[in-house]
Asks: 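Below are the structure tokens for one structure; questions will follow.
Atom set for the values below is all heavy atoms of this structure, side chains included, hydrogens, waters and symmetry mates excluded.
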Amino acid sequence: MLTRRMQIQAIADTLAGLEVQAQLKDFEMPWQLCWQAVTGAQPGQAQEALFKAISGLPEAKQILETILATRPGYRPEIQSLEDIAPGLPPIEWVWDGWIPRGLLTVLGASQGSGKSFVATDLAYRIIHNQGFPNGSPIKRPGANVIYVDAEMVPQILNERAQNYGMDRSKLFLMLAEPGEMIDLGKPHYQERLSEMTHILQPELIIIDSLSSIHNGGQNNVEDVRSLIGYLTRLAGWANCGLVLVHHIRKPAGGGQRMMNVDLGMEDLSGTGYITQQARVVLGLHVVQTGPKFDPNGPREFKMLKNSIGQYPEPLGFSFAPLHPTGVMLKWDAQAPQTYREPSQMDECKQWLEDLLKLHPDGIKAREVVTLGQQEGFSRAMLFRARKELAEHIQNSDGRKSPENRWVWTDEALEFVLDEMDN
């Protein structure tokens, strides 16, 4: 398939006597008429044949000028990856493995789950050189952070920053004009943010949140293409991290249960174009660690998408109270485990542990079985439970001794590990 430019180039090359690989079916009118004339002409008469073929067309002069203005033999430069590689910047990270520099990062979660708290916590860590939650170093300690508060409640952010003891002179808010809502789809708001970015040279830009920063919808590509394109260009131009806070779709049941959704990419609201353009997508949700759901319970913070590296292990965090008021995030290298109803085996193991702890000198196996059967546990289950707790249960006199007792010890695990090392 030949483009219009390629069709004109083929005609110009043929007029210059250059060999061209093309067929009549590759051309559209009026270039098909021109190609037919120059390829069917007698040697040395191609130009005259072209004049004659198009002379009756109203745009004949324009067609001829276009062909004659085309340089014979021209081919556009097509660069390979090897050609452009020296000018490409390396992939860098604001937060190693989590927030890339110069690229778009989306942070998705339900309302009330702690997205803005995480954003504030990251700002504090950068400004005060506190290291990131997994111990990664801050690349630009004390750098500025821009916070686009599209939800228009700056007093909340101010209170959180005060509770953290944050140097608020390093945290810059972009607020709406009086009587307006921030709309980053409009040129004058884009210009304001671009100017702030140029002057402040931030390490991180936080946009809170996507649903509040433009008046268009989120479900069609056309509604968000321009906005996402601007944010992507801004991050690349400023060579900083840009975190776009985003919401999830309302699941069945809604309410606080939204906070408990172990979300995936498909749970983020709006068109998939949003997450397609992000190089990293992060998510967090409340983890139910007990029989009842607790909206103040621990959170899991994990990566849902990573187009440029490995997926790091999920992290956990909880809310630690501050004195006299407020909270701050307490991070954990291990994500919290979701609660599950205890099985009969779980109950048997817990009963066995409690029993042996009540008898520091241990209990004979047959007595354990008798007592366990009274609680509804079979002999086979009791011995399976003993096996699963083997690192905590020792034999007092050898397994086959009639005087042998099962003895609980918290030091057993260390003993077993030492034996394995030796």
Asks: Check the side chains of Q350 and D346 for a donor-acceptor pair under 3.5 angstrom, ignoring hydrogens and angles.
Replies: no
Asks: Is there a side chain to side chain contact (heavy atoms under 4.5 Å, CB included) between I393 and L352? Walk through the geometry before answering.
Replies: CA-CA 10 Å; I393 299 177; L352 180 57; 3.9 Å; yes
Asks: Is the F132 ring parallel, tilted or perpendicular to the W95 ring (thresholds 30°, 60°)?
Replies: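 The rings of F132 and W95 lie parallel, inter-plane angle below 30°.
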Asks: How about Q334: does its CD atom have over 12 heavy atoms from other parts shown lying under 6.0 Å from it?
Replies: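 12 or below, so no.
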Asks: Within the structure provided, determine whether S116 and R160 are in side-chain contact (heavy-atom separation under 4.5 Å).
Replies: yes
Asks: Work out which heavy atom in A123 is nearest to a heavy atom in I206; give both atom names and the distance.
Replies: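 Closest heavy-atom pair between A123 and I206: CB-CD1, 4.5 Å.
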Asks: Give a yes or no on whether E159 atom CD has more than 12 heavy-atom contacts from other residues, nucleotides or ligands under 6.0 Å away.
Replies: no
Asks: Ignoring hydrogens and angles, tell me if any N or O in the side chain of R192 forms a donor-acceptor pair with the backbone of L184 under 3.5 Å.
Replies: no
Asks: Between N306 and Q310, does any side-chain donor sit less than 3.5 Å from a side-chain acceptor?
Replies: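 No pair is found: no donor N or O on one side chain lies under 3.5 Å from an acceptor on the other.
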Asks: Check each of K387, M381, R386 against R384 using the side-chain contact (heavy atoms from CB on, under 4.5 Å) test, and report the only one that passes.
Replies: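 Going through K387, M381, R386 one by one, the side-chain contact (heavy atoms from CB on, under 4.5 Å) with R384 is satisfied by M381 alone.
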Asks: What's the shortest heavy-atom distance between A16 and P72, and which atoms?
Replies: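 Heavy-atom minimum between the residues: CB-CB, 3.6 Å.
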Asks: Please give me the minimum heavy-atom distance between L227 and G185, naming the atom from each residue.
Replies: CD1-N, 4.2 Å
Asks: Anything under 30° is parallel, anything over 60° is perpendicular, the rest tilted; go ahead and classify W35 against F27.
Replies: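 Judged by the thresholds at 30° and 60°, the geometry between W35 and F27 is parallel.
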Asks: Got a donor-acceptor contact below 3.5 angstrom from the N158 side chain to the Q155 backbone?
Replies: no
Asks: So E92 and K139, salt bridge (Lys or Arg N to Asp or Glu O under 4.0 Å) or not? Walk me through it.
Replies: CA-CA 10 Å; E92 297 179 339; K139 305 297 179 62; over 6 Å; no
Asks: Does any non-hydrogen side-chain atom of R299 lie less than 4.5 Å from one of M259?
Replies: yes
Asks: Could you go through residues 193-200 and list every donor-acceptor pair under 3.5 Å that involves a side-chain atom there, pairing it with any protein atom two or more places apart or in another chain?
Replies:
from	atom 1	to	atom 2	distance (Å)
S194	OG	Q190	O	2.9
S194	OG	Y230	OH	3.0
T197	OG1	L193	O	2.8

Asks: How far apart are the closest heavy atoms of V369 and L382, and which atoms are they?
Replies: CA-CD1, 3.7 Å
Asks: In the structure I gave you, are the side-chain heavy atoms of D332 and S318 within less than 4.5 Å of one another anywhere?
Replies: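 Side chain of D332 against side chain of S318, heavy atoms only: no contact under 4.5 Å found.
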Asks: Using side-chain heavy atoms (C-beta onward) and a distance below 4.5 Å, is V280 in contact with L282?
Replies: yes
Asks: Measure from the side-chain N and O atoms of D223 to the backbone N and O of Q218, and report whether any donor-acceptor pair falls under 3.5 Å.
Replies: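 No, D223 side chain to Q218 backbone: no donor-acceptor pair under 3.5 Å.
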Asks: Please report the closest heavy-atom contact between I67 and L50, naming both atoms and the distance.
Replies: CD1-CD2, 4.1 Å
Asks: Indicate the atoms forming the closest heavy-atom contact of L242 with L204, along with that distance.
Replies: N-CD1, 4.2 Å
Asks: Taking side chain as C-beta onward, heavy atoms only, is E59 less than 4.5 Å from I54?
Replies: no
Asks: When you compare the side chain of K115 with that of H246, does any pair of heavy atoms fall below 4.5 Å?
Replies: no
Asks: Is there side-chain contact between R5 and P76, with heavy atoms separated by less than 4.5 Å?
Replies: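 Contact flag for R5/P76 side chains = yes.
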Asks: Is a side-chain donor or acceptor of K305 paired with a backbone partner of M265 at a separation under 3.5 angstrom?
Replies: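 Not a single qualifying donor-acceptor pair exists.
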Asks: For Q276, does the CD atom have more than 12 heavy-atom neighbours from other residues, nucleotides or ligands under 6.0 Å away?
Replies: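 Atom CD in Q276 is crowded, with more than 12 foreign heavy atoms closer than 6.0 Å.
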Asks: Are L157 and L171 close enough that some pair of their side-chain heavy atoms sits under 4.5 Å apart?
Replies: yes
Asks: Would you call the rings of W331 and F317 parallel, tilted or perpendicular if under 30° counts as parallel and over 60° as perpendicular?
Replies: tilted
Asks: Using a 3.5 Å distance criterion without hydrogens, assess whether the side chain of D13 forms a donor-acceptor pair with backbone atoms of A10.
Replies: no
Asks: Just by distance, do the side chain of H128 and the backbone of D167 share a donor-acceptor pair under 3.5 Å?
Replies: yes
Asks: Would you say that more than 12 heavy atoms from the other residues, nucleotides or ligands in this model lie under 6.0 Å from the NZ of K357, or not?
Replies: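 Yes, the 6.0 Å shell around NZ holds more than 12 heavy atoms from other groups.
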Asks: Surrounding CD of E177 (heavy atoms of other residues, nucleotides or ligands, distance under 6.0 Å), is the total greater than 12?
Replies: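 Check passes, neighbour count above 12.
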Asks: With side chain to side chain contact (heavy atoms under 4.5 Å, CB included) as the test, would you mind laying out the steps for M1 and M6 before giving the verdict?
Replies: CA-CA 9 Å; M1 180 176 67; M6 293 169 67; over 6 Å; no
Asks: Have a look at L244 and tell me which of I228, V148, T232 forms a side-chain contact (heavy atoms from CB on, under 4.5 Å) with it.
Replies: I228
Asks: Give a yes or no answer on whether the side chain of Q288 reaches the backbone of P291 with a donor-acceptor pair at less than 3.5 Å.
Replies: yes
Asks: Looking only at atom types and distance, does a side-chain atom of D26 sit under 3.5 Å from a main-chain N or O of Q23, one as donor and one as acceptor?
Replies: yes
Asks: Given 3.5 Å as the limit, does a donor-acceptor pair link the side chain of R279 with the main chain of L104, or not?
Replies: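 Such a contact is absent between R279 side chain and L104 backbone.
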Asks: Ignoring hydrogens and angles, tell me if any N or O in the side chain of D149 forms a donor-acceptor pair with the backbone of V153 under 3.5 Å.
Replies: yes
Asks: Other residues, nucleotides and ligands only: do more than 12 of their heavy atoms fall within 6.0 Å of CD on Q111?
Replies: no
